[in-house]
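What follows is a set of notes on a single structure, which appears directly below.
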There are 2 protein chains.
Amino acid sequence: MAASRLSDIAKRAGVSIAAVSIALNDRNTTRVSAAKRDLIYKIAEELSYSPNELAKALAEKRSRLLGLVVPMRDPIFFNQFIAQALSGIQSTLMRRGYNLLIFSPSGRPGRTTRDQILESRFTDGLLFINTRSCSARDINETIHELNEAKIRFAMMNSYYGRAPVNYVGVDDAAIGEAAIRYLVQRGHKRIAFLSGESTLPTHIHLLQGLRRAMIDFGLELKPEHIGCTHYDQTQAFSIMDAWFARKKDRPTAIFAADDTLLVHIYDYMEARRLSAPGDVAILARANSANAGGLRPRPTAFFIPVFEMGQLAADMVIDAIEKPERPPQRVLLPFTFSAGNTT
Amino acid sequence: MAASRLSDIAKRAGVSIAAVSIALNDRNTTRVSAAKRDLIYKIAEELSYSPNELAKALAEKRSRLLGLVVPMRDPIFFNQFIAQALSGIQSTLMRRGYNLLIFSPSGRPGRTTRDQILESRFTDGLLFINTRSCSARDINETIHELNEAKIRFAMMNSYYGRAPVNYVGVDDAAIGEAAIRYLVQRGHKRIAFLSGESTLPTHIHLLQGLRRAMIDFGLELKPEHIGCTHYDQTQAFSIMDAWFARKKDRPTAIFAADDTLLVHIYDYMEARRLSAPGDVAILARANSANAGGLRPRPTAFFIPVFEMGQLAADMVIDAIEKPERPPQRVLLPFTFSAGNTT
DNA sequence: ATGAAAGCGCTAACAC
DNA sequence: GTGTTAGCGCTTTCAT
């Protein structure tokens, strides 16, 4: 009743297990006579033989499995960012003949993702999609443990550290600079920045770029015009209310750090009966899969999430197949898309 | 440089491999003395030991891995139906301690999904999400091969056959009946049905229910009011144009077989400056994740996709863990949601 | 309590 | 060409 094995075929064909293995793995091998080979194939067919990949992987010391880790509480599959990244990852895996193992987040509260990963060595390597819930400290600890355990990996999206790891992200400082350049060229001087938590890599890098460019133009990003949130709408609303309270200092443009905040801004504008760009210009750093459907279409710098996924997957596989290659660190170019909000 | 093994720990601790295995797998075992156990844990920590799950799975004859197969051309992660199903699957896997293996569709044209699956015996079982591109024949052949190869599996969403397999779906015939009942009770007599290909299980079952209910009410579902499409908007438009061409026979209500078609109807109404329910009532069978955002909100029968995923995953795991249990076949109840289109 | 040894199903090195 | 042999890293009897 159990599935058939190489030994079953070998027995029936009257040949050795090795012969069966060789024949089945290479139709055109010369190491097995044509007659035997045909017999082997015939019997394999009869027995509906399918190899035990576990045994194969153990013997070959590689499973062609890539593990995916997304440190996130919410269901990952509803997240458009993740969906885009996964599609990119898939495209690379297809091309290079790997499959994807998605770890189920453990329900046990005491166990961290890290422990779990270390316990799950099915895979040849691991791919991390860092999210808003990854602090710099979390990430650095993870990196340390992975290196200790000699696990090959790559990370994508927002890493803030200097350790030599395979990483693909986007140059947020450059986005920040580009944002200011764009806005200032269109006459804006009082620019506000609506962002996430102040500890996030993305926030820090964007801010760096924004400040640098403002200084270049002889302008200033006022502290009260930097609004950090926990991605909470109420909080975002009260920040913007404060911005708009005084007619005089009111910002003429707002730059949003990501899609979620952009949507908060849209909601706010609707609630307060404001419109862009008439009352205030809106510019954003966004993921096209999320922001693509918004009306009016936002003017935005789009992050190449699909490509990030592709490249990150390639990086892990390279790390697996060419262990001598030093870790790569790539910042992908972003794209600009003019919409109707500036 | 390689990852450490049980034997490394055993050597350093001066104990047998078996002792290490036992100690590491059960902190409270009495089969290893406390002193040795502590030493073993200390050394494991020092060496950053993490077990080779491949070897473990081979020895235990189970990997706690579930394979997912989605016969679909497009990237699966952008599909809201799949995303919902995956979330349901994940929730079961978390609860029962399994991980998910997502097979990369093979680029090689000659190879079918089936061959690939049979070659990928990493998993303890397989979960199939049948889609619009699965013909009854495809599915039956797949089932046959899986049984031959003694692979445990479950299928979800639209299976049209009698073979005793683990299956979870929704009672489309009942939806069809409910649709007619709802519409007739609101005074509709000329009802049109916009659907997908006539060979799809869903189409067939819906039609069954629609017809049955119409007959019960002494009405008739006119052949010209059954519109089958390849999910192509142009085609859908011309079908509806034909329906609306003649003032006299014009349907007073349209029932859409799924979300895609519902969107075609919305687009059509906008293009032709029609409105629901004024010009025609719209009722649909839909997936809430897809149709939830539509405006006006559609009146619809919603399919419990998340629950289908959950249950399907439970079915495979049951099939794995309780092999003697006969295959289950469950049709989940749908929900009705009154919107503004009827 | 502890270790030796067999075995999971396969690959690969090596002899013949 | 073909078969024998020795692993891959782990679990699990079964003696001691």
Side-chain angles (χ1 to χ4, degrees), chain A residues 2-40 43-44 47-65 118-124 149-151, chain B residues 2-40 43-44 47-65 118-124 149-151:
Chain A
S4 52
R5 297 152 300 177
L6 280 190
S7 61
D8 297 326
I9 300 176
K11 204 181 298 171
R12 296 256 288 243
V15 301
S16 72
I17 294 179
V20 180
S21 172
I22 291 165
L24 251 27
N25 280 316
D26 179 10
R27 272 216 96 109
N28 304 316
T29 184
T30 56
R31 297 196 53 204
V32 172
S33 66
K36 283 199 177 173
R37 202 197 50 208
D38 292 346
L39 180 60
I40 288 168
I43 295 176
L47 296 180
S48 294
Y49 172 77
S50 58
N52 180 327
E53 297 284 328
L54 244 26
K56 199 173 207 164
L58 182 60
E60 286 179 339
K61 293 183 163 223
R62 76 165 213 260
S63 61
R64 289 193 161 276
L65 244 40
L118 294 179
E119 277 185 7
S120 295
R121 277 197 184 254
F122 274 112
T123 62
D124 292 340
K150 315 241 165 48
I151 293 178
Chain B
S4 52
R5 297 152 301 174
L6 280 190
S7 61
D8 297 326
I9 299 177
K11 204 181 298 171
R12 296 256 288 241
V15 300
S16 73
I17 294 179
V20 180
S21 171
I22 291 165
L24 251 26
N25 279 316
D26 179 9
R27 272 217 95 110
N28 304 314
T29 185
T30 56
R31 299 194 51 202
V32 172
S33 67
K36 284 200 176 169
R37 203 198 49 209
D38 292 347
L39 180 59
I40 288 168
I43 295 176
L47 297 181
S48 295
Y49 172 77
S50 57
N52 180 327
E53 298 284 327
L54 244 25
K56 200 171 205 163
L58 181 60
E60 286 178 341
K61 293 185 163 221
R62 75 158 209 255
S63 61
R64 289 193 160 275
L65 245 40
L118 294 180
E119 278 187 5
S120 295
R121 276 195 183 253
F122 274 112
T123 62
D124 292 340
K150 315 241 165 50
I151 293 177

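Letters A, B, ... mirror the listed sequences (proteins, then strands); counts begin at 1.
- Following rounding to the nearest Å, B:L6 (CG) and C:dC8 (P) show an atom-to-atom distance of 19 Å.
- In terms of position along DNA chain C, the nucleotide closest to B:A18 lies nearer the 5' end than the nucleotide closest to the other residue of the pair B:E60 and B:A18.
- Applying the 4.0 Å criterion to OP1 and OP2 of C:dA1, one finds that B:K36 has every side-chain N and O outside that range.
- Residue A:S16 has no polar side-chain atom (N or O) positioned under 4.0 Å from OP1 or OP2 of D:dT2.
- One can place CD1 of B:I17 at 12 Å from C1' of D:dC8, the figure rounded to the nearest angstrom.
- A:R37 places a side-chain N or O within 3.5 Å of a backbone atom of A:R27 that can act as its donor or acceptor partner.
- Taking 3.5 Å as the limit, the base of D:dG3 and the side chain of A:R31 contain a donor-acceptor pair of atoms between them.
- A donor-acceptor pair under 3.5 Å is formed between the side chain of B:D8 and the backbone N or O of B:R5.
- When rounded to the nearest whole Å, the span between CD1 of A:I22 and P of D:dG3 equals 10 Å.
- A straight line from CG of B:L39 to P of C:dA1 spans 17 Å, rounded to a whole angstrom.
- Separating the OG atom in B:S50 from the NZ atom in A:K150 is a distance of 10.0 Å, to the nearest 0.5 Å.
- Checked by atom type and distance alone, the side chain of B:D38 never pairs as donor or acceptor with a backbone atom of B:A35 at under 3.5 Å.
- OP1 or OP2 of D:dT2 sits under 4.0 Å from a side-chain N or O of A:S33.
- Mapping B:L58 and B:V32 onto DNA chain C by nearest heavy atom places B:V32 closer to the 5' end of the strand.
- What separates NZ of B:K56 from C1' of C:dG7 is a distance of 18 Å, to the nearest Å.
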Start with the C-alpha distance between A:I151 and A:R121, add both sets of side-chain angles, then the distance that settles side chain to side chain contact (heavy atoms under 4.5 Å, CB included), and finish with yes or no.
CA-CA 9 Å; A:I151 293 178; A:R121 277 197 184 254; 3.6 Å; yes
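- Computed from coordinates, the B:I9 CD1 to D:dC10 P distance equals 8 Å when rounded to whole Å.
- Judged by distance alone, the side chain of B:S63 and the main-chain N or O of B:F122 form a donor-acceptor pair under 3.5 Å.
- Two end axes, each from the C1' atoms of five base pairs, can be drawn for the helix from C:dA1-D:dT16 to C:dC16-D:dG1; they diverge by 50°, to 10 degrees.
- Between C:dC10 and A:Y49, a contact under 4.0 Å exists linking OP1 or OP2 to a side-chain N or O.
- To the nearest angstrom, C1' of D:dC8 lies 10 Å from CZ of B:R5.
- In this model, the phosphate group of C:dT11 is approached by a side-chain N or O of A:N25 to a distance below 4.0 Å at OP1 or OP2.
- Between the CD atom of B:E53 and the C1' atom of C:dC8 there is a distance of 15 Å, given to the nearest Å.
- A:K61 has a side-chain polar atom (N or O) that falls below the 4.0 Å cut-off from OP1 or OP2 of D:dG9.
- The main-chain N or O of B:L47 is found under 3.5 Å from a side-chain atom of B:S4 such that the two form a donor-acceptor pair.
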